[in-house]
Amino acid sequence: MSELATRATVTSASAKAPAKPVRWLRLAAWLALLALLLALPLYLGSEWLKAGQWMMTGAVGSIGLTMLVGQAGQLSLAHAFFLLMGGTTYTVLASGTEDGRVIGFELNPLFSMVAAIVVTALLGLAFAPVSGRLRGIYLGVASLSLVFIGLYFGQSADRLTGGTSTGRTPAPFELFGITFDNSGGLVVLGVPFRQAEKMWYLYLALTVIAFVLARGAVNSRVGRSWRAVRDHEASAAAMGVSVARAKAGAFAVSSAYAGLAGVMTVLWFDILKPDENEFGTYGINVSIAYLAMVIIGGLGSIGGALVGALIVFGLPQVLSLYSTQLGIFTGSGEGAFTPILVSTFVYGAAIILVVLFEPGGLAAIGRRITGGLHRERKKEGTSR
């Protein structure tokens, strides 16, 4: 009996051993990617850094949405509303009055950013009575109403938003005495650090923090309660999970992430300008774009949300830059192809392909590849 136990112990140890190199390999890949992103401002021009900042804005927002849709199983099309609320809160608190045309408090920009996150989280929590009663497409349609409320708010509260005609300029972000604009004479390795370089590192820090916090939430007790509610509400309630609290918490967290993405949006555009109709910076098209990121990357996958943002928000930026350099997409007129139009076709086709052939998204493909590596290592370990 002891011999069988010894063999079982050796077998289980050999089976678990290959998993550790795979984890270390994955960690090394993330660290290598981070090192590459830290070095990019030393080699890329400001236009490419600006494009990367927009991708990171999408990454933060899609991380929040994938926790709501993929982990908690709640469909939401209200992301654009929380983007507008986050951007408006930051701009009102951090900016000045601008000759009395708009309201401004000139508070610390970091405090204003945190306040924007808190305000949007509370707005998401206020939507909890609706999200707790509805599911699926019914919840999606109900959340879509918030986009129209945001449209009305942006047009009516011109003392806060600046109005649809002129908008208002947000205060530059400032941290530890460093203003994230073109002021200052900081030079690193012969590269002058102006607004593009400073904002790159700010956006990278925000994206890393958002990613780490999301991974921690997903792997914690909170994440397990979300998945339990997503899989079967009655079973989750029987296991002691408060279904209403789990749904409300997921919506609040997702809204907070969207609020942070809203702050990043107004800093990227350097203007808060509400939409004149339902299709714009804070319109239905933006909510659909964020949902596309989540679907393409893989529902519930934090890493997949990053890849989805890279495709949906990154592709138009890259095509626009290459169109300028190569002279493509130069046609004009009603039937002309533009980078945004081509990108829409591409990620629309990607959604169809994902739904038909790989419902798990790009994250499932990545897991299949790493799983294959794990099985190969396992075979090597057992053959030895």
Cluster check Val354, Ile352: I/L/V/M/F/W/Y, side chain < 4.5 angstrom: no

Hydrophobic cluster identity match, Leu353 and Ile295, side-chain contacts under 4.5 Å: no

Euclidean distance, Leu123 CG relative to Thr89 OG1, rounded to 0.5 Å: 7.5 Å

Pair Val312-Tyr290, side-chain contact (heavy atoms from CB on, under 4.5 Å): steps then yes or no: CA-CA 8 Å; Val312 176; Tyr290 274 101; over 6 Å; no

Check: Thr179 and Pro172 side chains under 4.5 Å, non-hydrogen atoms: yes

Side-chain heavy-atom pair Phe81, Phe127 within 4.5 angstrom cut-off: no

Minimum heavy-atom distance between Ala115 and Leu93, given as atom pair plus value: CB-CD1, 3.5 Å

Pair Ser143-Leu75, side-chain contact (heavy atoms from CB on, under 4.5 Å): steps then yes or no: CA-CA 8 Å; Ser143 64; Leu75 178 62; over 6 Å; no

pair Trp200-Met56: side-chain heavy atoms closer than 4.5 Å: yes

Verdict with supporting geometry, Thr88 and Leu272, side-chain contact (heavy atoms from CB on, under 4.5 Å): CA-CA 7 Å; Thr88 302; Leu272 168 66; 3.8 Å; yes

Min side-chain heavy-atom separation Leu122-Val119 under 4.5 Å: no

Side chains of Phe153 and Leu160 in contact at under 4.5 Å (non-hydrogen atoms): yes

Close aromatic pair by centroid cut-off 6.0 Å: Phe82 and Tyr282: no

Contact summary for Ser131 and Gln74, nearest pair of heavy atoms: CB-OE1, 3.4 Å

Where Gly104 and Thr97 come nearest, the two heavy atoms and their spacing: O-CG2, 3.7 Å

Non-hydrogen atoms of Val286 and Leu83 that approach each other most closely: CG1-CD1, 3.7 Å

Under 3.5 Å: donor-acceptor pair, side chain of Ser95, backbone of Ala171: yes

Val69 vs Leu299, side-chain contact (heavy atoms from CB on, under 4.5 Å): CA-CA, chis, key distance, verdict: CA-CA 7 Å; Val69 178; Leu299 289 175; 3.7 Å; yes

Spacing of CG belonging to Leu146 relative to NE2 belonging to His79, to within rounding of 0.5 Å: 12.5 Å

Val222 backbone acceptor or donor facing Ser220 side chain under 3.5 Å: yes

N/O donor-acceptor pair under 3.5 Å between Ser145 side chain and Ala142 backbone: yes

Atom pair OG/CG of Ser255 and Leu260 - distance to nearest 0.5 Å: 12.5 Å

Gln71 side chain to Gly300 backbone, donor-acceptor under 3.5 Å: yes

Side chain Asn285, main chain Gly280, donor-acceptor under 3.5 Å: yes

Nearest-0.5 Å distance, CE of residue Met67 to CG of residue Leu213: 8.5 Å

Cluster overlap Val229 with Val130, hydrophobic side-chain contacts below 4.5 Å: no

Min side-chain heavy-atom separation Leu68-Val253 under 4.5 Å: no

For Ala196 against Gln53, the heavy-atom pair lying closest together: O-NE2, 3.0 Å

Between CD1 on residue Ile178 and CG on residue Leu202, distance to nearest 0.5 Å: 10.5 Å

N/O donor-acceptor pair under 3.5 Å between Ser254 side chain and Gly64 backbone: yes

Check: Arg194 main-chain N/O paired with Glu197 side-chain donor or acceptor under 3.5 Å: yes

Within-4.5 Å side-chain heavy-atom neighbours: Thr66 and Met293: no

Donor-acceptor pair, side chain of Arg168 and main chain of Gly163, under 3.5 angstrom: no

Leu34-Tyr43 co-clustered via ILVMFWY side chain contacts under 4.5 Å: yes

Among Phe173, Phe180, Trp54, ring-ring contact (aromatic ring centres under 6.0 Å, His included) partner for Trp268: Trp54

Side-chain H-bond candidate by donor/acceptor type, Arg245 with Ser225, under 3.5 Å: no

Leu267 vs Thr57 side-chain heavy atoms within contact, under 4.5 Å: no

Backbone of Leu77 reached by a side-chain donor or acceptor of Ser287 within 3.5 Å: yes

ILVMFWY cluster, Val102 and Tyr152 together (side-chain gap under 4.5 Å): no

Neighbour count >12 (heavy atoms, 6.0 Å) for atom CZ, Arg227: yes

Heavy-atom pair with the smallest gap, counting every atom of Gly283 and Asp275: N-OD2, 3.2 Å

From CD1 (Ile351) to CD1 (Ile311), nearest 0.5 Å: 10.0 Å

Under 3.5 Å: donor-acceptor pair, side chain of Thr91, backbone of Pro170: no

